[in-house]
There are 2 protein chains.
Amino acid sequence: MASGRKKLFDEKTALNAAMNVFWQKGYVGASLTDLTTRMGINKPSMYSAFGNKEALFIKATQCYIETKLTPHVELLFQEGIPLKQRLKNHMMSIVTMQCDPEQAKGCFLTFCQSELVSGDIPEKAEQLLKEADLIPLQMYCKLFEDDEESITLELNKNSQANALSLYTFLKGTASMARSGIDKSQLEYGLNAIIEGIKIH
Amino acid sequence: MASGRKKLFDEKTALNAAMNVFWQKGYVGASLTDLTTRMGINKPSMYSAFGNKEALFIKATQCYIETKLTPHVELLFQEGIPLKQRLKNHMMSIVTMQCDPEQAKGCFLTFCQSELVSGDIPEKAEQLLKEADLIPLQMYCKLFEDDEESITLELNKNSQANALSLYTFLKGTASMARSGIDKSQLEYGLNAIIEGIKIH
DNA sequence: GACATATTGTACCTAGCGGTATAGTTTTGG
DNA sequence: CCAAAACTATACCGCTAGGTACAATATGTC
């Protein structure tokens, strides 16, 4: 069997570039020209590799979850570290990412989620965003419910309220980072809030 | 002098409709067709009354500030009411608005602010959004610095941190409301946080 | 080296965008 | 009752959107 011409671009690199464009401009705001230019390929290559704009967006979102969200969640469940310190590590690394000058400010999921209200986002993308956006909240619930230290501190009794507080803070920093407030100020506020938690 | 045909639409009503469209879809996502349809007029009427899309957006943003933001800010400075209660009133009325099923979910300013990163928003609109988005933060600073009760409680010594905490929470609820989390849950978390403030 | 296969570049499709020219309609002053 | 002024409706402008047809270019197998 003949095997044809080799691909001149790396799919993962291109997908990563697409992720950054969506992160910056959202689903509606990112045009195919924006995307393919930053991916370094032209339209037919993109369509043959990824399908269409929606499919590309879905893969970009999954890429974000795997490379940008999951690592921060893991910090919450690291063994041998006090709960409060784990929360701090988690939040600090998120804030650092959300203020990274090499990437779009803020959180991909939070931004694209906010586009859903327009009603102009395709169905599968909408579903994925809705699910993905809840991941941190679920992780916080799980943390406060199951964690040893959380149980001894009886934080599990208010697991829902604690999780919601943390989630609110996560969303708040995402929004503030997006609007360009600098990292030092976010860390300042972050410390105040983590200390204020009645660990709580 | 002859005075011409009378306008068949009310400018304020039309502007209010435009505000709601931008609130729902953002600057980029709101097309002239979306806008003029919901305003109940056609394009030439819109252009003669408001100028162009950017000018309409600016007027819609000012309309939001006057009708949707200012009233909530005033609750912070009401006389004869304890500080904590004023904060609660303020936040409760904001949450109620952000979850109002008659309007787009969340906060107009927070959503449109997040579009700025794209670099596709005209300059004057960008400036206005940046200024407007900081209004609540400035009001919080002023409150913690000047308020009698804040001074006796020595909250003014950490006015910046207190203001930032509150602002983070404001942004967080805006984002969560936008993603469709229901009012009862936001109020639940809200109470926990206000109580947790050392008033603070 | 010829052929099948896969990728690439160009050029194009229709639809919708923001914006406008122009013709028609209603109003009032003289 | 007519003309000037203001508003409305239609139809259109150039441009870009998402998406694709097709020819040109590499790659491998026989």
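Order of the sequence lines fixes the chain letters, A, B, ..., with proteins taken first and strands second; residue numbering starts at 1 for each chain.
- We find that CE of Met46(A) is positioned 13 Å from P of dT8(C), with the value rounded to whole Å.
- Dashed line: the shortest gap from a side-chain N or O of Lys6(B) to OP1 or OP2 of dT28(C) is under 4.0 Å.
- Rounded to whole angstrom, the span from the OH atom of Tyr47(B) across to the P atom of dA6(D) amounts to 22 Å.
- Regarding Lys43(A), its NZ atom lies at a distance of 8 Å from the P atom of dA17(D), rounded to whole Å.
- You won't find any donor-acceptor pair under 3.5 Å spanning the side chain of Arg5(A) and the base of dT8(C), going by distance alone.
- If you check every strand for non-hydrogen atoms under 4.0 Å, Thr33(B) touches sugar and phosphate atoms only.
- In this structure, the CD1 atom of Ile41(B) is 12 Å from the P atom of dC7(D), given to the nearest Å.
- Atom NZ of Lys142(A) sits in a sparse spot, with 12 or fewer heavy atoms from other residues, nucleotides or ligands closer than 6.0 Å.
- Between the Asn162(A) side chain and the Leu155(A) main chain, a donor and an acceptor come within less than 3.5 Å of each other.
- Residue order along DNA chain D, read from the 5' end via each residue's closest nucleotide, puts Leu8(B) first among Leu8(B) and Leu35(A).
- Among the heavy atoms of the strands, none lies under 4.0 Å from Ala49(B).
- The aromatic rings of Phe57(B) and Tyr27(B) sit perpendicular to each other, their planes meeting at more than 60°, with 30° as the lower class boundary.
- Following rounding to the nearest Å, Phe50(A) (CZ) and dG18(D) (P) show an atom-to-atom distance of 16 Å.
- When each of dG19(D), dG28(D), dT10(C) is scored by its nearest atom to the side-chain atoms of Asn52(A), the top-ranked nucleotide is dG19(D).
- Picking from dT28(C), dT26(C), dA21(D) the nucleotide with the shortest atom distance to the side chain of Pro44(A) gives dA21(D).
- Rounded to whole angstrom, the span from the CZ atom of Phe57(A) across to the P atom of dG18(D) amounts to 13 Å.
- An OP1 or OP2 oxygen of dT8(D) is reached within less than 4.0 angstrom by a side-chain nitrogen or oxygen of Ser45(B).
- For dT27(D), the OP1/OP2 oxygens have no side-chain nitrogen or oxygen of Ser3(A) closer than 4.0 Å.
- In this entry the distance linking CG of Leu32(B) with C1' of dG14(D) reads 15 Å, nearest Å.
- Below 30°, between 30° and 60°, or above 60°: for Phe108(B) and Tyr64(B) the angle between ring planes is below 30°, a parallel geometry.
- One can place CZ of Phe9(B) at 15 Å from P of dA6(D), the figure rounded to the nearest angstrom.
- Close to dT8(D), at under 4.0 Å from its OP1 or OP2, lies no side-chain N or O of Asn42(B).
- A donor-acceptor contact shorter than 3.5 Å is absent between the side chain of Ser159(A) and the backbone of Cys141(A).
- The base of dG18(D) has none of its N or O atoms less than 3.5 Å from a complementary donor or acceptor on the side chain of Lys53(A).
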